[in-house]
Amino acid sequence: MHTVESSKSDSQPILRKPEGEDGSAVWDLVRECKPLDENSMYCNLIQCDHFSDTCVLAELDGDVVGWVSGHVVPSEPDTIFVWQVAVSEKARGLGLGTRMLSKLMARDVCEDVTKLKTTITKDNDASWALFRRFAEKRGGTLSSEAHFKKDDHFDGKHATEHMVTIRFAEPLKRAA
Ligand SMILES: CC(C)(COP(=O)(O)OP(=O)(O)OC[C@H]1O[C@@H](n2cnc3c(N)ncnc32)[C@H](O)[C@@H]1OP(=O)(O)O)[C@@H](O)C(=O)NCCC(=O)NCCS
């Protein structure tokens, strides 16, 4: 039985923690959501199984329509790293990405979290908009700098990923 964390109405996606059985559906969704990097199915399975506390799955009528993967950075217990955000095309522009980020920050695992980090390539307008607006709406301060670099880290095979850091005055979980 899944633990439902929120459901506004029948037509709103239900947000919940993933389970191991969700891994293959998450893998499908991520592959649909260009330009996200594709992972192995096993990677998504491990995220669903071992990192479910810091991942959010959105389900609508039994279909997986949204996904956030993340983890608390092992050396920085005040920092949640958001690895990927994926919203199915049919569910975009309705605030689902924002809702999933809010849900994640409201979890017990984020009790001491005052920083959200993610990486974004320069040309991903939707992703910049999602995180900039999230920072604005939740009273955070956003900064960014080139981090995983095309030549230094990706052997020239992937665009530079900019580390985006959103700092909050206090954990959003406590502010809620
Ligand atoms: C990025 C993504 C997750 C956004 O999901 P979403 O549910 O549509 O986002 P939201 O509806 O919560 O939108 C958040 C804000 O970003 C803005 N936004 C969303 N998509 C945008 C786009 N393509 N261009 C400009 N702004 C955009 C919205 O207008 C909103 O701002 P507002 O509150 O001022 O209206 C979704 O477009 C997606 O899955 N893209 C493909 C995968 C990807 O690039 N993921 C991000 C990298 S980790």
Side-chain angles (χ1 to χ4, degrees), residues 5-9 11-16 18 22-41 43-44 46-48 51-52 54-61 63-73 79-107 110 113 115-150 153-154 157-166 168 172 176:
E5 293 184 285
S6 80
S7 169
K8 282 188 191 162
S9 78
S11 58
Q12 284 278 340
I14 286 165
L15 306 190
R16 64 173 171 85
D22 296 311
S24 60
V26 168
W27 185 74
D28 281 337
L29 176 67
V30 169
R31 289 198 318 147
E32 270 173 32
C33 289
K34 308 293 177 216
L36 288 182
D37 284 338
E38 293 176 19
N39 309 303
S40 67
M41 192 184 286
C43 166
N44 290 125
I46 291 292
Q47 288 175 327
C48 290
F51 294 91
S52 65
T54 49
C55 293
V56 182
L57 185 140
E59 208 170 36
L60 186 64
D61 301 329
D63 291 335
V64 174
V65 294
W67 170 248
V68 172
S69 54
H71 54 266
V72 175
V73 180
T79 301
I80 183 107
F81 180 76
V82 173
W83 182 346
Q84 288 185 319
V85 184
V87 171
S88 152
E89 251 180 69
K90 63 184 173 191
R92 285 187 195 162
L94 304 172
L96 181 55
T98 306
R99 270 182 71 207
M100 291 192 294
L101 291 178
S102 294
K103 186 58 59 183
L104 174 60
M105 297 297 284
R107 294 235 180 103
C110 288
V113 165
K115 275 184 257 172
L116 183 160
K117 291 189 181 184
T118 195
T119 70
I120 312 179
T121 52
K122 212 171 176 181
D123 59 355
N124 192 335
D125 294 340
S127 191
W128 283 104
L130 170 68
F131 286 99
R132 280 199 177 114
R133 293 290 292 133
F134 186 73
E136 283 166 18
K137 287 172 197 163
R138 305 306 301 266
T141 309
L142 184 147
S143 60
S144 66
E145 60 181 345
H147 187 72
F148 293 127
K149 296 180 184 158
K150 181 174 179 179
H153 298 93
F154 291 116
K157 298 184 177 85
H158 187 296
T160 294
E161 293 273 354
H162 294 256
M163 182 66 78
V164 170
T165 304
I166 304 176
F168 300 97
L172 291 186

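Just so it is clear, the values below take in all heavy atoms, side chains as well, and ignore hydrogens, waters and symmetry mates. Start at 1 and go down the list; that is how both ligands and their atoms are numbered.
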I need the contact type for [X] against ligand 1. Using non-hydrogen atoms and a strict under-4.0 Å cut-off, is it side chain, backbone, both or neither?
X: Asn124; value: side chain
X: Lys137; value: side chain
X: Arg133; value: side chain
X: Thr98; value: both

Any Arg99 heavy atom less than 4.0 Å to ligand 1: no
Mutual orientation of the aromatic rings belonging to Phe148 and His153 [parallel < 30°, tilted 30-60°, perpendicular > 60°]: perpendicular
Pairwise distance NE2(His162) to NE2(His147) - rounded to 0.5 angstrom: 11.5 Å
Over 12 non-hydrogen atoms of neighbours within 6.0 angstrom of NZ in Lys150: no
Where ligand 1 meets Ala86 - atom numbers and elements under 4.0 angstrom, heavy-atom basis: 39 (O)
Per-atom contacts, ligand 1 versus Gly97 - under 4.0 Å to a heavy atom: 6 (P), 7 (O), 12 (O)
Beyond-backbone contact of Cys43 with Trp83, side-chain heavy atoms, under 4.5 angstrom: yes
Sole residue of Val68, Leu29, Thr118, Leu36 in side chain to side chain contact (heavy atoms under 4.5 Å, CB included) with Gln84: Leu36
Nearest non-hydrogen protein atom, atom 20 (N) of ligand 1: Ala126 CB, 3.8 Å
Donor + acceptor pair across side chains of Arg138, Ser102 (<3.5 Å): yes
